[in-house]
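Written below as structure tokens is the structure these notes are about.
What you see is a predicted model; the values in this text were computed from it and never measured. A note on names: the letters A, B, ... follow the listed sequences, proteins ahead of strands, and every chain is numbered from 1.
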Amino acid sequence: FVAFYILQYYITVILKFASVGKSCLLLQFTDKRFQPVHDLTIGVEFGARMITIDGKQIKLQIWDTAGQESFRSITRSYYRGAAGALLVYDITRRDTFNHLTTWLEDARQHSNSNMVIMLIGNKSDLESRREVKKEEGEAFAREHGLIFMETSAKTASNVEEAFINTAKEIYEKIQEGVFDINNEANGIKIGPQHAATNSSLAGGQGGQQAGGGCC
Amino acid sequence: MNFIRGVIGGQPAGAQPSGVETIQKLCDRVASSTLLEDRRDAVRALKSLSKKYRMEVGTQAMEHLIRILQTDRSDSEILGYALDTLYNIICNDEDEEQDESEDAAAPVSGKTKSVSAPEDTQRKQDDIGSQFTERFIQEPENVTLLLSLLEEFDFHVRWPGVKLLTALLKCQCTQLQGVILVSPMGVSRLMDLLADSREVIRNDGLLLLQQLTKGNAAIQKIVAFENAFERLLDIMAEEGSSDGGIVVEDCLLLLLTLLKNNSSNQNFFKEGSYIQRMKPWFEVGDDNSGWSAQKVTNLHLMLQLVRVLVSPVNSPGATASCQKTMFQCGLLQQLCTILMATGVPADILTETINTVSEVIRGSQVNQDYFASVNAPSNPPRPAIVVLLMSMVNERQPFVLRCAVLYCFQCFLYKNQKGQSEIVATLLPSTIDANSISAGQLLCGGLFSADSLSNWCAAVALGHALQDNLTQKEQLLRVQLATSLGKPPVSLLQQCTNILSQGDKLSRRGSRVQARVGLLMLLCTWMSNCPIAVTHFLHNQDNVPFLTAQISENLGEDERLVQGLCALLLGICIYYNDNSLENYTREKLKQLVEKRIGKENFVEKLGFITKHELYSRAAQKPQPTFSTPEHMLFDHEFTRLVKELEGIITKAVHKSSEEEKKEEEVKKSLEQHDSIVTQYKELIREQDVQLNELKDQVALLTAHQEQMQTTITQQLSQIQQHKDQYNILKLKLGKDGVVSGQAEEAHENGLQLEEFTLLRDELEELRRQHAQLQTQVTEKDTLITSLKTEGLRPVEGSGIASGPTELLKEVEALREQVQNQEVEIANLHSDRQELQRRADTVVSSAVSVGEAGSVSQVAELESRLSAQTAETHRLQEELRGLSEVKAALEKELASATSTVAILQAEKSRLQQDVSESKKEQDDLLMLLADQDQKILTLKHKLKDLGEMVEDEDDLDARDPSEEDEEEEEDDDE
């Protein structure tokens, strides 16, 4: 009965440094535009976009969390209840890469064990100023069991892929039954309005179940 | 417990001996008793005393109670008592008791807050609470401890825990929010309270979250992230939505806190499809048997929630997308149903109108929908008309009339279509006399006896003209029939008439309000519309009226009217197109200077913005006035004033010389402009030229390419010709080798001679043959007489001479061919040269700069034409050569055919020759036979004994000689 519903994934974008450009990443993904000068993310910003996987409409709800150290405790609150996370560093800044371990530990400690984490090396358009090699990113990802990708929020290269691949990974985990879709703490939700309309139709049983999960 | 004693050392020991002592004893027991039961009893006793001896218990027992929370976590009962006690100490909501507050007056443990005013007990209470709260949260671990206790499922722990935390938050909100925010999963745990199956805890959890989220965007976002919207909407649905009780109200209050001024949460609310879930809230139906106070409150909050999402202060994009969703999910339609329903309480109706206003404001689709809504009356009337009827109806509540004005204003905001529709209801061509129209209502309001209606109608009409020059001009066409027999008056004129003459009506309400309304309408109408200004100035009375108003020294309440008159006069100056001779810009300015004085004029103009109500109206679009008398300014009008004040001040201050200078500057600017335009033109022309040239270059390049292909074609042709030549050469060579016959025939004259020679010879041979025959006959006759006769045919030929001449001929031909070859080689090199030049032309064509393109192109063209000519010449030459070649070939062919003829002749002759030889042979045979016969006859004669001359030898030899010669003949 899954085909009837909209799945909602809560995906948080987590990142160490505010200037790394992950807000640009979210803006590029949800609004398809690039903003070179962006205010520091204060706390958390919300963004959403609809994508299609396997012919199913999936709404990605993304909380863009601030990268500064001072917001770390706030950021922690967003690990629980997230189905996936994008851990972003800046390929032109070695320090952002060096801090990944801390942030990864934090994420692992506070999140659901099934949370899909993707490692993103952003600003791939600034090849001349690169400080972190692609191989290093790949090695880090391999070592910690993450998916890896290099993106550019400026040129929009791989931005779609980064979010969609993460969503696909989550989707596969749902198909495998790893996630309990009735437990909202996993960051996955079945669209209520669809469940409601379907319950009045033939597939009433499925609708009931899904509705129960939402309450 | 020396420590505590020390802390409260300042307290007189005997004030409340029993109470203080008891408390101290209990504290000792809590601290020192090893038995859980003892401690529990002591804490219970403290709890019972905590309300009466709040101060004492607070100062002495807090540390002990906190220690209990840390150490006795296994016993829920004692935890419950401890939490209750702490709650009693901290909470300020309790009904205070007199003696307690007197105690509280004593200074507390080093805190310097002097609470000496006994009359303000509530404040003292608050101070006690916040002081204890401060003490409690001095150690952030205490808060963490409390948060961990909330995970305890036991009702006796969880419930007082929730209450305590709520109380703490009420006292020291910001600090506590900070502590909770940084404690791991702090906010998330509190969110779990909403999932508690025990309603008391869930409901108190709601109150806790209300306090927790107050003014803290970070916490609001985390709460939203933790699915607060979903939970709250579910709870509301469970509790019966708008018909539900106070829990619904609490949910709504929490939702409001989460969404107000929090764009991230608003976005999440919209993206989470929660707007759709708001729609059923407003399905209140028409039966409306009862509107309980709770239901009114709930609906109020629900409407506010809608307004939070589409508030004009939100970012335009966010508001627009929420407005769109509200239309798509039918929320707007539902609200309009309430608008038109009967029996809805007035304040709900008012708020609904305000809500609808903001849902449609600036959204074309929603505005169009709103225009189409009809009231369920008979006949159906547009909702706009019904609402306007309320606006100009003085019996309707003031707030409702304001709401309608706001609704009308929002309907026309950035809605040119709506503006034109409203104005159209006033125009003579489209007026419909049978039904009440918006225009009629507005006019009625404009000239009614109620000043509030005047003001509202004037402002509403002003909104129909806002930023819309077309409608400003259209409205000038409106004519009013004032009374029978008098000519119709234009609407503009009627407005000024009321202003200048003062109407004779005995007004209800303030006269100032009506005049302010009319002046605002006139200012809006005439600003940026010179035609309206001219129309206004056309009436001779208007300007004197304005100057009189401004220059008069009137009372306080008339100052605003003076200011507005100054603004109107300013507009007449600034937007003057100088079409009326008496009222040109210059003349009006002189008038101001003479009659009013510049400074005075500017001062009067300044009255508008200095008015206390001006800034209030400037803040937000919604017209909200505490009393009808305060209804003086419109939001859009304040924007207009801000825009015009500076401009008009500048325009008035400018002297005529300055004006002239400005004119000059303007002129010179215009000149500059014209120069610039000229240059622009020039640039445009050049651009066109450039493009043309570019096209030409492209064309030439194409031409060049074409030429090149032609050259290649010709090259291949030449090659072909060369090949043909080679083949011909080869063929010629072969001909020379293979047959001398072919070449021997080349010279006809000689051959003919030979031929005749041959023929002569043949003739001779024939003659000889005849001779021989005669000889044979002679011999025959001589059979007896023995006669000898012999002749030999002679043949000769000039074979040797013929071939030499042919060879010579061939040589000559070869030479010719060689010449041609050389020529072809020349052609070839010429062609290469051409190609090379063509290449350079191409390359140069590519590098042609735009500037020198013309000359270069010309050069290229000439070169190309030269090349073309040369190519033509070469082609001509080639053609000549091929012609020569063809002629030669023809010659060759004719020669070959002559040879063939000659050969045929020759073979015929040879046949003749062989025939004659055969004949000759036969003759020889005959001769031999005859010789034999002669010999036998001789022998016979010898035998017979007769003498014969010795001729035998000679005869025998002669025939052999003949044979030899014949053989030679055969060889030919």
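Here the closest non-hydrogen pair linking A:K59 and B:S273 is NZ-OG, 4.2 Å. Of all the heavy atoms in B:A218 and A:I74, the pair that sits closest is CB-CD1, 3.9 Å.
Looking only at distances, no side-chain donor or acceptor of A:Y78 sits under 3.5 Å from a matching main-chain atom of B:F225.
Of the listed residues (B:A217, B:S188, B:S183), the greatest number of heavy-atom pairs within a distance under 4.5 Å of chain A belongs to B:S188.
In A:K173, the NZ atom is crowded: over 12 heavy atoms of neighbouring residues, nucleotides or ligands sit closer than 6.0 Å.
No side-chain heavy atom of A:F46 sits under 4.5 Å from any side-chain heavy atom of B:K221. Residues B:E226 and A:S77 form no side-chain contact, since every pair of their non-hydrogen atoms from C-beta on lies 4.5 Å or further apart.
In this structure, no portion of B:V187 lies under 4.5 Å from any heavy atom of chain A. Using a 4.5 Å cut-off between heavy atoms, B:D192 touches chain A through its side chain atoms alone.
To the nearest 0.5 Å, atoms CD (A:Q61) and CG (B:N267) are separated by 9.5 Å.
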